[in-house]
There are 2 protein chains.
Amino acid sequence: MTIADVAAHAGVGAGTVSRVLNNSPRVSPTTRARVLAAIEALDYRPNPLAQGLSRGRCQTLGVVVPFFTHASAIERLRGIVAALDGSRYDLVLFNVESPVHRDEHLATLTRRDRADGLIVMSLPPPPASIERIVRAGVPIVLVDARAPGVPTVVTDDVEGGRLATRYLVELGHERIAFIGDDHDNPLGFVAGREREQGYRETMAAAGLAVPDGYVGHAPHVRGAAREVAARILDRPDRPTAVFASSDSQALGVLEAARAAGLAVPEDLSVVGFDDIEVSGYAGLTTVRQPLYESGRLAARLLLDVLEGRAEPEPREHRLELELVERTTTSPPGGRTSVAGRGRAGGHSVRDRVSEER
Amino acid sequence: MTIADVAAHAGVGAGTVSRVLNNSPRVSPTTRARVLAAIEALDYRPNPLAQGLSRGRCQTLGVVVPFFTHASAIERLRGIVAALDGSRYDLVLFNVESPVHRDEHLATLTRRDRADGLIVMSLPPPPASIERIVRAGVPIVLVDARAPGVPTVVTDDVEGGRLATRYLVELGHERIAFIGDDHDNPLGFVAGREREQGYRETMAAAGLAVPDGYVGHAPHVRGAAREVAARILDRPDRPTAVFASSDSQALGVLEAARAAGLAVPEDLSVVGFDDIEVSGYAGLTTVRQPLYESGRLAARLLLDVLEGRAEPEPREHRLELELVERTTTSPPGGRTSVAGRGRAGGHSVRDRVSEER
DNA sequence: ACTGTCAATGGAACCGCTTCCACGGTCGCG
DNA sequence: CGCGACCGTGGAAGCGGTTCCATTGACAGT
């Protein structure tokens, strides 16, 4: 079933069939009808490979995502899928687990023949890669990562760290610990570090001490965070609150608290970051970042460029953070009065049940 | 950067470069070295579109997944990604939200030029589609769906329904309700119906009545299940246990119970199905199906065929179900003795914390 | 020394589509 | 009525690979 078959069946040339397929105006209505009939009769579909080769693009969007296993990545991907739905672009997934992996994928994606556009998540690509991709004319959008000269969709992670910490401070906590990502993670994620910076700034501004050992680092998984948290909770000057730089880690803290026989929030308040799906069930107070929305926006930006509705603009699109207050936080010692709650509520939002997924 | 450039640079013909690229033995070591040097020097990478067109395949695996938004689909996708990692196949995602959607995608996937192999999830494809795909020589594996003549990866959903119901019966429950999917869902999922069948069989075998209205149907989302559950819990002959045909729905039941002021498990036991990630946090007793593993197995089967390690065999690969006992179940009226627990434990597994994701 | 064989290689044909170019036929206009 | 413009169309070239086929040269056998 090739274009030649259709042409023969319709008694026209191959070029004409192609013009019909591509909605060229340079075809008479009569001919167009004949060709369409032939297409219908033969159940013909153009070969996307041949189209791609000939046109120099492939109707495909590449999504480079580190740790496809992370809940936040999934949430973003959902947004991307939603945005792509109805467009004529396919979605190709590139999972990245190591720097080698990353460089390999980015290298193959340097040209228009693998993907017409790129969304890179959480991963600051090496400047050299960026430069090659941009020079090759492949539009790219970074999500949750920054690089000069390319459009990005980000949140202000430092501010997020401040938001969470300030909330705990206003609740009356003074001994506030932090658990975050390792600083020297091989793929160069910076969100954890920035959230930590916000924490440190706020603590300093409030005149609160951050003793040695109040800041723990662990890989971005629950189990590791639990162990680090267990150590912190075992200190003589046990904190009354912990801010974890991701919800996964916060859940690890909750487990550690349970294991240590601590009541949450009476003995220990816990704040997370991200607001992944689980957090609602766990009743976790957290800094919500619009994960789904970030994916959707990135995909839209890319589609706008690909479909000629916009120029690529190296803008930073900043999405807002929002503190969601649930049941893992209270003033130290537990909720004492309704008034206490109102006070801290100034910057926050009560949980609205997220519905229908 | 084309093969001709490399050929010129190495002082050989294009055919020779191609042979080097494809590890043909028909190249002298000297020439091979020169070509490799040229490839290195020019940082040449073959155009996958051209390769695909020429070879008639495209190094791509298509995954057709209904409701990418469902937790169970994600879990399976994780398994697929893991299995594909290291292979030279890219993963293209086709999200399906409606029958039209489905037929459209399946139609374009009928040929080797879009995907070399297909994994279809939870979706019984129309027999005509299957036939066309098979005839076109595109290997296909169904996950969580059956069709004659193609390999499938499934679980025994009827047995799963029995497992959950029997567990409740053995705990001493007599008024057991069921909440499942709508029977006439447009995409033709059957798992919900089969689980219901297992439920009904077991109830009948135990001589227990299933009053009208004890069986509720709702779309596969939490909110809908909550409402249906609320109605059931409002009955004068309120059940002491509910078996929900998915964890998402079970979580809806838990919400309804909370809203009705019922204590779980004292006033109401709840069992789900799937064991998605959230369930561990929610403490939900559930029938675990190996979601991740099912994706991985499907991808492996496909790769084995594509890489010539196996013949396509229309076998049904059945994965085992397992009851995971957590904290949403107890004998009616609440846990009364340790002995009571041991009795029901025969078919089940205590929760092992699922770690490190 | 001559010939048959075979390994190494260059080059053409082909994969199926898009697009450019050229050509015939209308049509409008002077 | 004649000429140029332009529309509709067929066909060829090209996209960048793979693969087949033919050619060349080395080598072995007689």
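Below, chains carry the letters A, B, ... as their sequence lines are ordered, and counting in each starts from 1. Note: hydrogens, waters and symmetry copies are ignored here, and every other heavy atom, side chains too, is used.
The side-chain contact (heavy atoms from CB on, under 4.5 Å) check on B/Val27 picks up B/Thr16, B/Arg19, B/Val20, B/Thr31, B/Arg32, with sequence neighbours excluded. For A/Pro99, the side-chain contact (heavy atoms from CB on, under 4.5 Å) partners are A/Arg102, A/Pro186, A/Leu187, not counting sequence neighbours. Residues that satisfy the ring pair (Phe, Tyr, Trp, His ring centres under 6.0 Å) test with A/Tyr44, not counting sequence neighbours, are absent from this structure. In this structure B/Arg55 satisfies the salt bridge (Lys or Arg N to Asp or Glu O under 4.0 Å) test with no other residue, sequence neighbours excluded. Shown here are the side-chain contact (heavy atoms from CB on, under 4.5 Å) partners of B/Ala71, two or more places apart in sequence or in another chain: B/Ile276. When the side-chain contact (heavy atoms from CB on, under 4.5 Å) test is applied to B/Arg88, the partners found at least two apart in sequence or on another chain are B/Gln59. A/Ser122 is linked by a side-chain hydrogen bond (donor to acceptor under 3.5 Å, both in side chains) to A/Asp144, counting only residues two or more places apart in sequence or in another chain.
For the pair A/Arg315 and A/Glu313, the salt-bridge criterion is not met [side-chain N within less than 4.0 Å of a carboxylate O].
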Listing, residues 128-138 of chain B side-chain donor-acceptor contacts under 3.5 Å, not counting sequence neighbours, or none:
from     : atom 1 : to       : atom 2 : distance (Å)
B/Glu131 : OE2    : B/Arg135 : NH1    : 3.1
B/Arg132 : NH2    : B/Thr110 : OG1    : 3.3

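The ring pair (Phe, Tyr, Trp, His ring centres under 6.0 Å) analysis of residues 105-148 of chain A, with sequence neighbours excluded, yields the pairs A/Phe94-A/His105, A/His101-A/His105.
In the helix from C/dA1-D/dT30 to C/dG30-D/dC1, the terminal helix axes, each the rotation mapping four pairs' C1' atoms onto the next four within five end pairs, subtend 50°, rounded to 10°.
Close approach of DNA chain C to chain A, defined as any atom under 4.0 Å from a non-hydrogen atom of the protein, starts and stops at C/dG16 to C/dC20.
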Quick one, give me the B/S/- string for nucleotides 12-22 of chain D, reading 5' to 3', where B means a protein heavy atom under 4.0 Å from the base and S means that only happens at the primed atoms, P, OP1 or OP2. --BBBBBBB--

